[in-house]
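Data first, discussion second: the structure below is written as structure tokens.
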Amino acid sequence: MDVSHLLEDLNDAQREAVTAEDGHVLVLAGAGSGKTRVLVHRIAWLIQVHHVSPMGLLAVTFTNKAAGEMRARVGKLLGLRPDGLWIGTFHGICHRILRMHAADVGLPETFQILDSEDQYRLIRRVIRDMELDEGEYPARQQQGFINHHKDEGRRPEHIEPFDNPHALTQVAIYRNYQDYCERSGLVDFAELLLRTLELLRDNPARQAQYRDRFGHILIDEFQDTNKLQYALVRIIAGDRARLFVVGDDDQSIYGWRGARVENVSDFARDFDPTVIRLEQNYRSTATILEAANRVIANNEERMGKNLWTEGEQGEPIGIFSAFSAEEEAEFVVARIRDWLEQGGAASEAAVLYRSNAQSRLFEHQLLAEGIPYRVYGGQRFFERAEIKDAMGYLRLVHNRDDDPAFERVVNVPARGIGERTVAAIREHARSAGTSLFAAATAMRDSGAFAARAGNAVAQFLEIINDLDRRTRDASLGELMSAVVETADLARWYRQREAPDRAESREENLTELIRAAETFDQPLEDEQSGLSPLASFLAQAALEAGEHQGEKWQDCVQLMTLHSAKGLEFPLVFLSGMEEGLFPHQKSTEEPGRLSEERRLCYVGMTRAMQRLYLTYAESRMLHGQTSTTYPSRFLDELPEELTEQVRPRAARYAGTSFGGGGMSQPGPEHDFNLGSTVSHERFGIGTVVNVEGSGPNARVQINFETAGQKWLVLSYANLERLD
DNA sequence: AGGTCCGCTATTTTT
DNA sequence: TAGCGGACCT
């Protein structure tokens, strides 16, 4: 078989990684060095050259998106869908294992995955049931406590006994929460991994089964793995599997949520792998890479890596100092406008920032200029309140014992089941040792409710039972549609929320029905005997999904530095380069956290392909208060010869101290009026529909015959008047 | 039971 | 400045 296509486009280091014989491999893959490529080709190489069965391969990624991409690329390279190949996130893979061996780990077949919100609510419930002071034990904090310990593989009994009563109570909350989950068949995200770890550790048959199966384990983004994930890798691998680990210690930016960069060096120590560095970069100009290298060089304890390129030097990195955050946004948007006028696409431009709150000013400015944009992050589809409400009904239809679902929807829409009534149901459930639904049913049957509450509860129970009865043989789409209609959520939102808000919720519910109708059950789920409904519920929890509207329009991309990881854009702005904001105040005290901020800066810079700007403001409103800010220390770490002050400080002071030069004088009036017909080199012929400003800032909006409506700055656009 | 108002807090996010 | 949660009022 001809396998040259697996190697021909690879550089030496990439090829070495793809073809490595024997032993383990650690690929230190710099930004833009083609690591996904290496992983994909490695998988194809193993299958086609070493004739490894796809069944014997396990590939682990960090996000579902990455998993999907890798699956698609492997399929494309092999020219077929590799059946039996496991590609997924740690959570997805563990979920699959637990579904197959639910009985082995003491879980019911119908176990339900708790997403973070479900978990939060349940923990709050537990704290209230324990009659603790919620000020002293905030549910958020307890959630952090529990997840932190689980991520380190610790059960309540593994936590060192403290003489500190506060810590003891925290452990008690953890234990009670866990007991609740056990009784109700609920599994949170960390539990998926921990439970799987325990299964493979304590059950010799299962351990042997998976160790025999997976001869090769490939892991992406290893610098983002936590302690539990590393332990899991070691358990599955045993001493037979060959590990192929890809990571970049310089791009570790999730330490704050338990990721251990040290896993990379630990792996090098524990498994003695062949270490291969991918340092040739195919993304950025030499200028950008040199600057990024210089910044990251200020970190200690690196494994060491220097990105280089065969490409051109490129333009200097623009540094802009704005008076205010507003002016910063104006500058950025003006540069984006230039980009567009020079023929660039909006989607090629990305504005990156440290915290989400910063997006507002950019949005405002882009909106004012009529440039389309898209803000990343924010609420994901399956996390929206209306979706979770509808899914709550669905979950109860699937499994009456799903208490979090019961709590969520028992009085949504309001049907007169108040806190007192629910408390009575909880109490009954606790003493009888049943679920809330069962307790409510028993109380209805024994007439334990007052008349009004009783009717309301009976009505609710009937809605669920009736939905189940009516839809036994229905498709998932029909069931979903019946749920949305019967629960009548749309009316509820319309009645108590702003019309546009309600409308958007309604649209989302319609979208949810469509998602159910078009749901394509994964083959493996079907094989492990899951119903489509169970699959759908699991997927909703496991992949909350982008599902955001206006998918692939040509939009300027606004996102945090964190969400930019893995992406690339020709034109990039790193905004808010200010002490206290970036590096963030909370990260400046400890050196370890500062290093992570610096890595974040490195990640941000290396997103840029052609043009990079770093901008900051000298004053900014934060938490409703305007304060003076100072340039980020990271700016000082850039080599001066690679940067260019876009508007040097001196010029600004000159402008004011000399009483303003000609700059602020109104320029000569232009002769473009509303209705003028004009011609543009690239956009063709159009009509002026709007005129704004004067002098060098004058802008006109033109309705082009073919290119649509655009705002153009006259001093750049080079318009010709035709009439 | 349910709606309104006030006060507190305030990175980063995937599963 | 804005969003969320709890206390308070109807």
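Every value quoted in this text rests on a predicted model; they were computed, and no experiment measured them. What's counted below: heavy atoms across the whole structure, side chains too, no hydrogens, waters or symmetry copies. To find a chain, count down the sequence lines: A is the first, B the second, and so on, and within it residues start at 1.
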Ring-ring centroid check Tyr210(A) His101(A), cutoff 6.0 Å:
yes
Using heavy-atom distances to pick each residue's nearest nucleotide on DNA chain B, tell me which of Glu419(A) and Phe62(A) is more 5'.
Glu419(A)
Which residue lies more 5' along DNA chain B, comparing Gln495(A) with Ala190(A) via nearest heavy atoms:
Gln495(A)
Nearest-nucleotide pick for [X], side chain only, options being [options]:
X: Arg360(A); options: dA2(C), dT15(B), dG2(B); answer: dA2(C)
X: Arg593(A); options: dT1(C), dT15(B), dT11(B); answer: dT11(B)
X: Asn64(A); options: dT12(B), dT15(B), dG2(B); answer: dT15(B)
X: His623(A); options: dT13(B), dT11(B), dT15(B); answer: dT11(B)
X: Lys586(A); options: dT15(B), dT1(C), dT11(B); answer: dT11(B)
X: Arg128(A); options: dA1(B), dG6(C), dT12(B); answer: dG6(C)
X: Glu597(A); options: dT11(B), dT13(B), dT15(B); answer: dT11(B)

So is Arg598(A) actually on top of Phe634(A)'s ring, under 6.0 Å and inside 45° of the axis?
no
For Trp256(A), is the NZ or CZ atom of Arg593(A) found under 6.0 angstrom from the centre of its six-membered ring and inside 45 degrees of the ring axis?
no
Under 4.0 angstrom between [X] side-chain N/O and [N] OP1 or OP2:
X: Arg380(A); N: dT14(B); result: yes
X: Asn226(A); N: dT14(B); result: no
X: Thr560(A); N: dT13(B); result: yes
X: Asn147(A); N: dT15(B); result: no
X: Thr421(A); N: dA1(B); result: yes

With heavy atoms under 4.0 Å as the rule, sort [X] into base, sugar-phosphate or nothing.
X: Asp188(A); result: nothing
X: Gln625(A); result: nothing
X: Gly418(A); result: sugar-phosphate
X: Ala541(A); result: nothing
X: Asp224(A); result: nothing

Mind checking whether Tyr613(A) and Phe573(A) have parallel, tilted or perpendicular rings, split at 30° and 60°?
parallel
Which word best sums up how the rings of His149(A) and Tyr174(A) line up, parallel for under 30°, tilted for 30 to 60°, or perpendicular for over 60°?
parallel
Separation of atom [atom1] in [X] from atom [atom2] in [N], rounded to whole Å:
X: Tyr120(A); N: dT14(B); atom1: OH; atom2: P; value: 20 Å
X: Ile127(A); N: dG5(C); atom1: CD1; atom2: C1'; value: 14 Å
X: Met559(A); N: dT14(B); atom1: CE; atom2: P; value: 12 Å
X: Phe382(A); N: dT14(B); atom1: CZ; atom2: C1'; value: 16 Å
X: Gln223(A); N: dT14(B); atom1: CD; atom2: C1'; value: 14 Å
X: Trp492(A); N: dA1(B); atom1: CH2; atom2: P; value: 13 Å
X: Leu622(A); N: dA10(B); atom1: CG; atom2: P; value: 13 Å
X: His562(A); N: dT11(B); atom1: NE2; atom2: P; value: 13 Å

Please determine if Arg128(A) and Asp133(A) form a salt bridge, counting it only when a charged side-chain N lies under 4.0 Å from a carboxylate O.
no
Under a 4.0 Å N-O cut-off, is there an ion pair linking Glu543(A) with Lys65(A)?
no
side-chain hydrogen bond (donor to acceptor under 3.5 Å, both in side chains) with Arg71(A): which residues, sequence neighbours excluded?
none
Just confirming the chi classification of dT12(B), syn or anti, using 90° around 0 as the syn window.
anti
Suppose we call a contact any N or O donor and acceptor under 3.5 Å apart; does that hold for the side chain of Ser116(A) and the base of dT13(B)?
no
Expected list for residues 247-262 of chain A near DNA chain B, using heavy atoms below 4.0 Å, is Tyr254(A), Trp256(A), Arg257(A)
If we count only N and O atoms by modelled type, under 3.5 Å, do the side chains of Gln251(A) and Gln223(A) hold a donor and an acceptor together?
no
